[in-house]
Amino acid sequence: MTSRDVEAQAFWNELRASTQARIGLGRAGNGLPSREVLELSAAHAAARDAVHVPLDVAALADAVAAVGLGEPAVVRSRATSRGEYLRRPDLGRLPADLSTVPHTGADVGIVLADGLSPTALAAHGPGLLAALAEHLGPRYGLAPPVIATQARVALGDHVAEAMGVRTVLVVIGERPGLSVVDSLGIYLTHLPRVGRTDADRNCISNIHPPGGLGYGEAARIAAGLLGGALRLGRSGVDLKDTSRLEIPGDARFDLR
């Protein structure tokens, strides 16, 4: 290896430390090195598995119940299979039956949805729920959680109406990538009702410790956004998360 090759390798190694993207992979003739090709194939297979492996609802329900917010109700969308869920996003937004969801009139409802990565919900759902309970429980009434399968974000509006809550947090598995397959997102909707759009929601994404946002930090941001939504009277594009700024108190939230 020449000195130029050593310098190039050191350059790319430094850049790789700051990103999960596949950069500076090298060459083997006109293609990639065999190791990189195999790693890419393995990552692609893991991403596909994250989408298609069914959620173990019973195991998740036990872990959710252990958090102490009550026994979770279980609902599903009108998508009858994973294939239909992927082909028909509209069906994933509609509930098949909400009769198991109790009407509590609580301040906040939390829906745990498999989304595009049941793997993410199984891995991080209970831990994130516990952090949300810790940050929100002292200030707000929390409804018993709801687990939703074959679910899209908007299914949470239907569930929230059935619960009678003022604000709903939909914790959902995000679309897997070739670097991360187990990432969760939180979608916050204040005064949820059927027909709300993505412009009415605030999203906290990339929740997958240790490589992504941690449970406690995600819950802290959610608590701040919830407080801002209550003061503003709505969520969505008018509510800005500035929680990472070094500004104390309520001034952290731009309510314009």
Side-chain angles (χ1 to χ4, degrees), residues 55 57-78 92-115 121-122 124-173 184-197 200-204 207 215 218-236 239:
L55 179 68
V57 175
L60 179 62
D62 288 343
V64 167
V67 174
L69 296 179
E71 290 294 327
V74 178
V75 302
R76 64 176 179 84
S77 76
R78 294 185 188 176
R93 302 183 183 106
L94 300 173
D97 180 16
L98 295 176
S99 62
T100 60
V101 178
H103 187 284
T104 65
D107 296 321
V108 180
I110 301 174
V111 179
L112 302 165
D114 55 1
L121 186 61
H124 302 298
L128 180 55
L129 178 65
L132 289 169
E134 179 182 350
H135 281 74
L136 301 179
R139 296 182 59 187
Y140 307 103
L142 303 182
V146 175
I147 297 171
T149 61
Q150 311 290 28
R152 303 279 177 171
V153 172
L155 183 65
D157 295 330
H158 295 265
V159 176
E161 280 198 348
M163 287 191 288
V165 296
R166 285 195 300 168
T167 306
V168 66
L169 303 180
V170 177
V171 175
I172 192 167
L184 286 178
I186 300 174
Y187 287 81
L188 181 151
T189 309
H190 186 56
L191 302 180
R193 64 175 184 268
V194 176
R196 288 292 194 190
T197 69
D200 300 312
R201 315 186 200 284
N202 293 86
C203 178
I204 306 165
I207 305 167
Y215 305 145
R220 185 184 69 81
I221 295 171
L225 284 171
L226 177 55
L230 292 172
R231 293 190 294 273
L232 185 63
R234 60 186 179 275
S235 55
L239 176 63

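All values derive from a computational prediction rather than experimental measurement. Counting begins at 1 with the first residue of the sequence.
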| Steps toward side chain to side chain contact (heavy atoms under 4.5 Å, CB included) verdict (L184, L121) | CA-CA 7 Å; L184 286 178; L121 186 61; 4.3 Å; yes
Measure the [atom1]-[atom2] distance between [X] and [Y] for me, rounded to the nearest 0.5 Å.
{"X": "L230", "Y": "H190", "atom1": "CG", "atom2": "NE2", "result": "5.0 Å"}
{"X": "L98", "Y": "M163", "atom1": "CG", "atom2": "CE", "result": "9.5 Å"}
{"X": "L69", "Y": "L142", "atom1": "CG", "atom2": "CG", "result": "5.5 Å"}
{"X": "L239", "Y": "L232", "atom1": "CG", "atom2": "CG", "result": "6.0 Å"}
{"X": "L94", "Y": "H158", "atom1": "CG", "atom2": "NE2", "result": "5.0 Å"}
{"X": "I147", "Y": "I110", "atom1": "CD1", "atom2": "CD1", "result": "12.0 Å"}

| note | The residue among I186, T189, L225, I204 that forms side chain to side chain contact (heavy atoms under 4.5 Å, CB included) with L169 is I186
Below 4.5 Å, heavy atoms only, C-beta onward: do [X] and [Y] meet side chain to side chain?
{"X": "P192", "Y": "V168", "value": "yes"}
{"X": "L129", "Y": "V171", "value": "no"}
{"X": "T104", "Y": "P144", "value": "yes"}

So, for [X] and [Y], which heavy atoms are closest and what is the spacing to 0.1 Å?
{"X": "G164", "Y": "H103", "answer": "CA-NE2, 3.6 Å"}
{"X": "G141", "Y": "A106", "answer": "O-CB, 3.5 Å"}
{"X": "C203", "Y": "Y187", "answer": "SG-CZ, 3.6 Å"}
{"X": "A73", "Y": "T100", "answer": "CB-O, 3.4 Å"}
{"X": "G70", "Y": "P145", "answer": "O-CD, 3.9 Å"}
{"X": "L226", "Y": "Y140", "answer": "CD2-CE1, 3.5 Å"}

Short question: side chain of [X], backbone of [Y] - any donor-acceptor pair under 3.5 Å?
{"X": "D114", "Y": "Q150", "value": "yes"}
{"X": "R196", "Y": "L191", "value": "yes"}
{"X": "S235", "Y": "D200", "value": "yes"}

| message | One thing to verify: whether D157 and R201 come together as a salt bridge, which I'm taking to mean a side-chain N less than 4.0 angstrom from a carboxylate O. | response | yes
| How about R76: does its CZ atom have over 12 heavy atoms from other parts shown lying under 6.0 Å from it? |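 No - once you tally the heavy atoms of other residues, nucleotides and ligands closer than 6.0 Å, there are 12 at most.
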| query | Which is it for V111 and L155 under the side chain to side chain contact (heavy atoms under 4.5 Å, CB included) test, yes or no, and what are the steps along the way? | reply | CA-CA 9 Å; V111 179; L155 183 65; over 6 Å; no
